[in-house]
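This report concerns only the one structure given below.
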Amino acid sequence: MRTDIKVPEKYLPIIDQEACIRCKRCIKSCSYGALEFKDDKVRVKDGCVSCLRCVIDCPTSAITVVERPSSYAPHAVFSPEIRRSIMAQANSGGVLLSSCGANAEYMDIFNDILLDAAQVTNPSIDPLREPVETKTYLGRRPGKVVVDDDGRIDLDASETPIVVMDMPIMIGHISLGSISYNAQAALFRAASELNILAGTGEGGLHNDFYCHSKNLCAEVASGRFGVTSHYLKEVSCVDIKIGQGAKPGHGGHLPGEKVQKLISETRMIPLGTDALSPYPHHDIYSIEDLQQLISVLKESTEYSVPVGVKIAAVHNVGAIASGIVRAGADFLTIDGLRGGTGSAPRVIRDHAGMPIEIAVSAVDQRLQEEGLRDKVTLCASGSIRTAADMIKCIALGADVVGVCTSAMIAMGCTVCQQCHRGACSWGIATQVPELAARLDTEVAAQRVINMFHAWNEELKEIMGAMGIDSVESLVGNRDRLRYIGPNPRIAEILDVKHSGEGWG
Amino acid sequence: MYEYEPRTASLRGPEAPHGFSERSYLVDIPDRHKPRHGSCGIAGCMNIDGSLISGSRIEKMITTMSERENGLGSGFVAYGLFPDFADEYCMQFLFENEESQALTEETLSEWVYMIKDEKVPTFPQSGMSPPFPLVWRYFVRPKTGTEAYVRTGLSEEDYMVRLVMSVNDSVPGSYCVSSGKDMAVFKGSGYAREIAKFYDISRYKGCMWLSHSRFPTNSPGWWAGSHPISILDWSVCHNGEITSYGVNRKLVEMAGYKCNLLTDSEVVTYLWDLMVRRHRLPVTAAAFAMAPWYYRDIERLPEDERRLANQLRITYKEAFLNGPFSILVGRSDPVTMIALADRKKLRPLVMGESDDGNSVYAASEECAIKSVQYDARIWATRAGNPAVVKVGEGIVRRGTESPFLGAI
Ligand code: SF4
Ligand code: SF4
């Protein structure tokens, strides 16, 4: 019995037949098979996802993609989105997958926060004329410099393994497998050139990428793919991944068809097998177990690199974070609800966790209350879209922000949310060689460098306007933020004053 | 120390010559016509041989810079003030009324032995706005023998810090403005000349004086929030605005200090106490943490100093006082003056030295020094570079040397 009912199409490519020169480039561009050439004309079939590849490739700008205007009768409660997903579910009987991070209208708190600037009583600083520093450290800090009985400073006893970055930015963990070789090469190259960190994701490290290892943070996830002690000693820091903001409490699944030679070698698993990352680490069922894994990793790297833990922002995140720091983590990454993913059950992606603004502030405050904040580096990620988000996130308590989606957008991604299908028309989230080849590593790397360079310049501009000449003086500096949104309770929880409230 | 010293009738200082630089008429300009610019003024003077200086000298220095204040607060601190009680903590309080005094004394009796107490003489001035606080001082010794003390597990100094914090935090209308040995703070809301008269500063003599006049902008002007801000024998006069206040407060609060004076400046006092007394850092290292060199300059330091500089920036990044400031910091045992400006030197700070080298001065403006020592040799400290002067030792640093002289 066939149970399928066609789910109405969402997007409509419109071809300007007069402008079209029949070059058929768009047909090749479309990796979703939504266009065909018939009767000497480009015709539209089903399946357009609005990735815009054809729009940009078309030499005569003959293509426009629009949202289909009248697919569903309006209803205030059953939105077209909800109706469409119910239809899809009734067709397949399965968990609906999606990608790219929450696509639900949760309040965007970043947009409700305003920044301060210096006027009269403290001079603002022009970063083009005077130094404004953005150098950032990642790792455990000793809390105090050790002074021996003779009053001399003992540096050997004070120093801890630490990573130095030129910007308070880390490109988040995106594994080889979830993105193509070219895409990962571009991100790593950008990180090296900017002297910032990039996450390897959980897929191990391809041999070709060891040249970037000083700018890489190795991820040890529940699948332990590609993790060797050689690998851990080569990179500059190690991150234990407990969770991801887009799918808290969830593991990972790279389908066997993507596990081709490249992936199978890097992940160290047989060709064509599914790469399954269990939901929990099967050797971590409690905080004591986590403490052991942290120790094991520190032992195996001979205490030469910082070892951190990454968790999804969940409701009790403050207490969990403090436990993790006490368990020995040198840095801590909190990934918010709106964070990206290559594939996640839509129901988790859109409904579980908490926004990064609240999470980072809660963790910063909790670590401060417990006297731990001056010992650990706090990284925050999960939809840091722009320099403004980054600055607000730092002022809410993050030492370092993690960025993924914006770096992918810089490379060409249009956030079409089809990564889980592996047919990315931009050559990013795909393992299909012809598609992956569309991404020029050098160009993509340069675009990522350009973007982060611009962010860093904007960070300096904002800090200069605030009269702050070094980024550490912005970290957790909530005094320089004001809330202007609809819910003053959020301001209270963020420990940010309302706009209009002065200093004293 | 308490004898009254008659003040000179002339508004001009005795040392200043007459002539073309005669400017004493300036003080006749009514306040309402004075320009409303500038910011706080700071001034300090000390004698290296430990001989005593009358309060009228520091009064002259600070009131000379009257353009730097707007009548919302001023204060003085004297060191070497109570030779007869040099081993007792002198807790000086501002009370709103008798009730807050009684409540405070109740708390004090639980924590400390009272050796002596006395009213601090005050003389309300016509231009000042009431109500005026009751000012009282207590010479005390912590009850270190008790079981309650042992249970706190605190050092004697930390015990005193906790006492001050808890009175300031929980006894309504009571503020402990100084709590060190052989020193006391005299401060309040008003012009420097009014506060000087209010306490009759000229009746006191000390081997070191620091002073502050205030032009508050971001925080309210009130008695306890005036400078110097003091804990134990530390006192700080701060001219500036801390753009990193939220960050600095985080560090001192984690270390157990409570910020309740409604002014960003109090974190500076607590940072000194935390880094130098508790963490035992050399003064130069603590100063570097507060006003660190730029990384590009750190690169140029020799290996050892570079390591130390980087480690200080990493470890004490929350102690970095960002934004413009110049501060004068005082401490006993030996009596020490530290003068430090921010790393861009966005607030003024000059030093002066008498011909015989025995008197050393620091001030926002040269005129303050010249008003009391016309022939003083003047020099400026470098940005983010502390000058350190000690009774008995002399000028340890001039604020122009390499950053860690003697610190590693
Ligand atoms: S790419 Fe443009 S011009 Fe070429 S066939 Fe398609 S619509 Fe026509
Ligand atoms: S990576 Fe590719 S598939 Fe994923 S959202 Fe971006 S453009 Fe779409």
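The chains referred to below are lettered A, B, ... by the order of the sequence lines, with proteins before strands, and numbering in each begins at 1.
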Under 3.5 Å: donor-acceptor pair, side chain of A:N477, backbone of B:T243: yes
Over all atoms of both residues, closest heavy-atom pair of A:G143 and B:H279: O-CE1, 3.7 Å
Exceeds 12 heavy-atom contacts within 6.0 angstrom, atom CG of B:D169: yes
Under 4.5 Å from any heavy atom of chain A - which part of B:I314: both
A:H498 atom NE2, over 12 foreign heavy atoms within 6.0 Å: yes
Intermediate values then yes/no, side chain to side chain contact (heavy atoms under 4.5 Å, CB included), A:R373 and B:L251: CA-CA 8 Å; A:R373 186 63 187 89; B:L251 181 64; over 6 Å; no
Test item: B:R280 side-chain N/O and A:I153 main-chain N/O as donor-acceptor pair under 3.5 Å: no
Within residues 357-369 of chain A, residues adjacent to chain B where the heavy-atom gap is under 4.5 Å: A:D364, A:L367, A:Q368
Close side-chain approach of B:R313 to A:E133, heavy-atom, < 4.5 Å: yes
Charged N-O contact under 4.0 Å between B:K250 and A:D479: no
Exercise: identify the closest heavy-atom pair between B:S244 and A:S473: CB-CB, 3.5 Å
Largest heavy-atom contact set with chain A, pairs under 4.5 Å, which of B:R249, B:E253, B:M254: B:M254
Partner chain B: residue of A:P131, A:G476, A:G467 with the largest heavy-atom pair count (under 4.5 Å): A:P131
Atom group of B:L281 that falls short of 4.5 Å from chain A, counting heavy atoms: both
Side chain proximity check, A:L155 to B:Q311, heavy atoms < 4.5 angstrom: yes
A:D156, part contacting chain B, at a heavy-atom distance under 4.5 Å: both
Salt bridge present between B:R307 and A:E159 (N-O < 4.0 angstrom): yes
A:D469 backbone acceptor or donor facing B:N322 side chain under 3.5 Å: yes
A:R141 side chain vs B:Y316 backbone, donor-acceptor pair below 3.5 Å: no
Beyond-backbone contact of B:F320 with A:I468, side-chain heavy atoms, under 4.5 angstrom: no
Stepwise side chain to side chain contact (heavy atoms under 4.5 Å, CB included) test for B:Y294 and A:V132: CA-CA 9 Å; B:Y294 294 106; A:V132 173; over 6 Å; no
Residue B:D333 excluded, over 12 heavy atoms near CG under 6.0 Å: no
Pair listing, salt bridge (Lys or Arg N to Asp or Glu O under 4.0 Å) test, anchored in residues 286-299 of chain B, at least two apart: B:D297-B:R300
Best-contacting candidate, A:R480, A:E370, A:M466, against chain B by heavy atom pairs under 4.5 angstrom: A:R480
Greatest number of heavy atom pairs closer than 4.5 Å to chain A - which of B:L312, B:T315, B:N248: B:T315
A:L372 versus chain B, the contacting section by heavy-atom distance below 4.5 Å: backbone
